[in-house]
Amino acid sequence: MIGLDTVEIAPRINGRETVLEVPVRMTLAEMLRDRLGLYGVKVSCEMQVCGVCTVLVDGQPVSSCTFLAADTDGRRVLTVEGLAEGDRLHPIQQAFVDRFALQCGFCTPGFIMMTKHLLERSPLPDREEIVEHFDGNLCRCTGYAPIIEAVQDAAGRLGRRGS
Amino acid sequence: MGVLPAFRLHRPTTLAQALELVNDDRMPYAGGTELLLAMKEGLLRPTHLVDLKGIGSLRDVRESGSGVSIGALVTHTQAADHPIVVDRLAGLAAVLNRVGNPRVRATGTLAGNLCFAEPRSDVAAALIALGGEVEIASAEGRRAMAVEDFVIGPYTTALEQGELVTGILVPVQPDLRFAYLKHQTTERPTLGVAAAANSHCSLVVGAVGFAPQVFRSPSPSDLDPSAIADRVEVVPDLTGSEEYKRHLVEVYVRRAVAALGGRR
Ligand SMILES: Cc1cc2nc3c(=O)[nH]c(=O)nc-3n(C[C@H](O)[C@H](O)[C@H](O)COP(=O)(O)OP(=O)(O)OC[C@H]3O[C@@H](n4cnc5c(N)ncnc54)[C@H](O)[C@@H]3O)c2cc1C
Ligand code: FES
Ligand code: FES
């Protein structure tokens, strides 16, 4: 009963099958940034509070700052880098740009990934639902109002695209 | 980035294997939403983690006798979305939908919440009011105990060395009225008041003290909000002074009584 020190994992990251050997103590944020160069994943509070490290694992939002890379074996991981198609921004990204929903941009990948999750669960959220969904995401620049508008705008774009 | 202190990981796939592994130094690990944070902060330094997530038998939500059994690996989101919980325990589903933030809910489990016994828990207060029980297993056998007796104090439970929580059993009482009201300005609640009533009434004041505090009465109207506010244990912190928190308790208990149809 010595236990594992490293594990081999095979997550599907932004649509690509990936095989990695990682120390069991490695967080998902460390793996995505330091091993794979996915710097859209930010790290700040490391306490599940600020949301800048948000990525989706099997469609569910997680704080990659305090989530073991080892736990992504066989699962789908989506980061902000996985949204655009070539040079064409994802409708959520475009809505954030068009609505000036970012200033310094540090919180933006987290808000965008949370938005992706919200709109999959609830394609036309009202204001209250959006605000509640962002309980764990902090932005120190925008005052949130343009972010909420961007989510509503993105919901409209995705709705039109879907129909 | 802070790094996690080194540890070794165990991945049992059955409860029996897990029970053989766990001890004071080989800590159970579920969602990690408390454990990994405490390890990063250096508050906990287990040298081994026993990942329970490979144990399929702990993932179920099912009807069990006159209640609903929620497996130890079920996350807040999974429980809140589960048709049995939505149908039979709508009040609990509503509480779970407002725990922390969507990432904590997607990863954290109800069992992990109870086992960590962080005083600012919505889950403990709500489950105590609903008469919930914790199902416990060890190599010697199984036992069950009321959530009320399980959560003893801050970061302290009645779980003994070598034991694991396998699930939570919540009785379903069709005539039960239930209300949960909370006041929250940071990531954890400042106050949570859970109240449940049918032929008798239980009211639980959570988050303001070191542990959930239970008040019982024949009916909601017999509860005296100002007497409860005077009596509860209150811990002042950055979210409020003792005086402020006592005031909150009185207001929220009054609202909870009103929500159950009591007079006051
Ligand atoms: C930012 C933030 C906000 C939060 N807000 C709220 C809130 O508003 N309301 C609220 O009620 N809670 C809140 N929480 C707490 C949250 O509910 C818990 O973190 C979560 O449910 C714990 O579950 P876990 O599976 O992640 O536990 P882990 O972190 O994996 O484990 C926690 C502890 O329980 C032990 N353990 C886990 N499972 C078992 C088992 N089956 N048997 C024995 N021991 C076990 C572990 O050894 C560890 O000591 C918040 C947490 C965070 C980080
Ligand atoms: S860095 Fe992960 S939630 Fe703040
Ligand atoms: S744009 Fe700067 S923190 Fe949000």
Side-chain angles (χ1 to χ4, degrees), chain A residues 1-7 22-34 41-71 73-75 110 113-115 117-118 121-122 129 132-138, chain B residues 1-12 17-18 20-23 25-27 29-43 45-54 75-78 80-81 97-108 184-189:
Chain A
M1 299 191 205
I2 319 169
L4 303 161
D5 201 20
T6 59
V7 281
V22 294
V24 295
R25 75 203 273 200
M26 179 176 263
T27 64
L28 179 54
E30 287 165 339
M31 177 181 94
L32 294 170
R33 289 177 59 89
D34 303 344
V41 181
K42 311 292 178 201
V43 176
S44 174
C45 73
E46 301 184 59
M47 292 174 68
Q48 307 236 351
V49 171
C50 76
V52 298
C53 64
T54 303
V55 303
L56 305 188
V57 175
D58 285 344
Q60 291 290 324
V62 309
S63 299
S64 63
C65 64
T66 38
F67 189 94
L68 294 188
D71 284 347
D73 185 29
R75 303 176 73 182
M113 298 317 286
M114 290 299 288
T115 303
H117 172 250
L118 174 65
R121 244 179 106 104
S122 174
E129 201 179 342
E132 220 165 71
H133 191 72
F134 290 144
D135 260 352
N137 288 73
L138 301 179
Chain B
M1 266 191 272
V3 285
L4 280 168
F7 61 88
R8 300 185 81 94
L9 186 67
H10 299 260
R11 290 177 149 172
Q17 287 169 359
E20 241 171 72
L21 286 163
V22 288
N23 62 26
D25 193 39
R26 298 202 205 107
M27 287 188 81
Y29 158 62
T33 60
E34 300 285 18
L35 197 52
L36 298 180
L37 273 61
M39 287 170 66
K40 267 207 172 178
E41 301 249 302
L43 300 173
R45 281 188 170 270
T47 49
H48 298 253
L49 293 188
V50 179
D51 185 5
L52 306 178
K53 292 193 290 295
T75 64
H76 303 295
T77 302
Q78 287 165 347
D81 287 351
N97 270 325
R98 293 187 53 212
V99 164
N101 62 53
R103 298 184 306 281
V104 169
R105 295 196 288 271
T107 317
Q184 184 159 353
T185 54
T186 63
E187 62 274 11
R188 305 210 188 217

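All chains are named by letter (A, B, ...) in the order of the sequence lines, taking the proteins before the strands, and each is independently numbered beginning at 1.
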Residue pair A:R121, B:D81: steps toward the salt bridge (charged side-chain N to carboxylate O under 4.0 Å, His left out) verdict | CA-CA 11 Å; A:R121 244 179 106 104; B:D81 287 351; 3.2 Å; yes
Might you point out which heavy atoms bring B:T107 and A:F67 nearest each other, and give the distance in Å?
-> CG2-CE1, 4.0 Å
Just jot down the side chain to side chain donor-acceptor pair (under 3.5 Å) partners of B:N101, sequence neighbours excluded, or say none.
-> none
Do other residues, nucleotides or ligands put more than 12 heavy atoms under 6.0 Å from B:R8 CZ?
-> yes
Contact origin within A:V49 toward chain B - heavy atom pairs under 4.5 Å = both
Mind checking the CG-CD spacing from B:L4 to A:E46? Nearest 0.5 Å is all I need.
-> 9.0 Å
Heavy-atom closest pair, residues A:P61 and B:P102 = CG-O, 4.1 Å
Mind listing the closest non-hydrogen atom pair of B:F7 and A:L68 along with its distance?
-> CZ-CD1, 4.0 Å
Say you draw a straight line from CG of A:L4 to NE2 of B:H48; how long is it, rounded to the nearest 0.5 Å?
-> 11.0 Å
For chain B, find which of A:T6, A:V62, A:V43 contributes the most heavy-atom pairs closer than 4.5 angstrom.
-> A:V62
Pick from A:Q60, A:Q48, A:M47 with the largest number of heavy-atom pairs that fall under 4.5 Å of chain B | A:Q48
For A:C65 and B:K40, the nearest pair of non-hydrogen atoms, with its separation, is O-NZ, 2.9 Å
Please check if the side chain of B:K53 supplies one atom and the backbone of A:D71 the other of a donor-acceptor pair under 3.5 Å.
-> no
A:C53 versus chain B, the contacting section by heavy-atom distance below 4.5 Å | neither
Does any heavy atom of chain B fall under 4.5 Å from the side chain of A:D34, the backbone, both, or neither of them?
-> side chain
Check whether B:E41 gets within reach of chain A through its side chain, its backbone, both or neither, counting any heavy atom under 4.5 Å.
-> side chain
Applying a strict 4.5 Å limit to non-hydrogen atoms, the region of A:M26 in contact with chain B is neither
Of all of A:D135, A:T27, A:T66, A:V7, which one pairs up most often with chain B through heavy atoms under 4.5 Å apart?
-> A:T66
Checking heavy atoms, do the side chain of B:T75, its backbone, both or neither come under 4.5 Å from chain A?
-> neither
Can you tell me how far CZ of B:R103 sits from CG of A:N137, rounded to the nearest 0.5 angstrom?
-> 5.0 Å
Separation between CE of B:M39 and CZ of A:R25, rounded to the nearest 0.5 Å | 9.0 Å
Under 4.5 Å to a heavy atom of chain A? For B:V3 that would be both
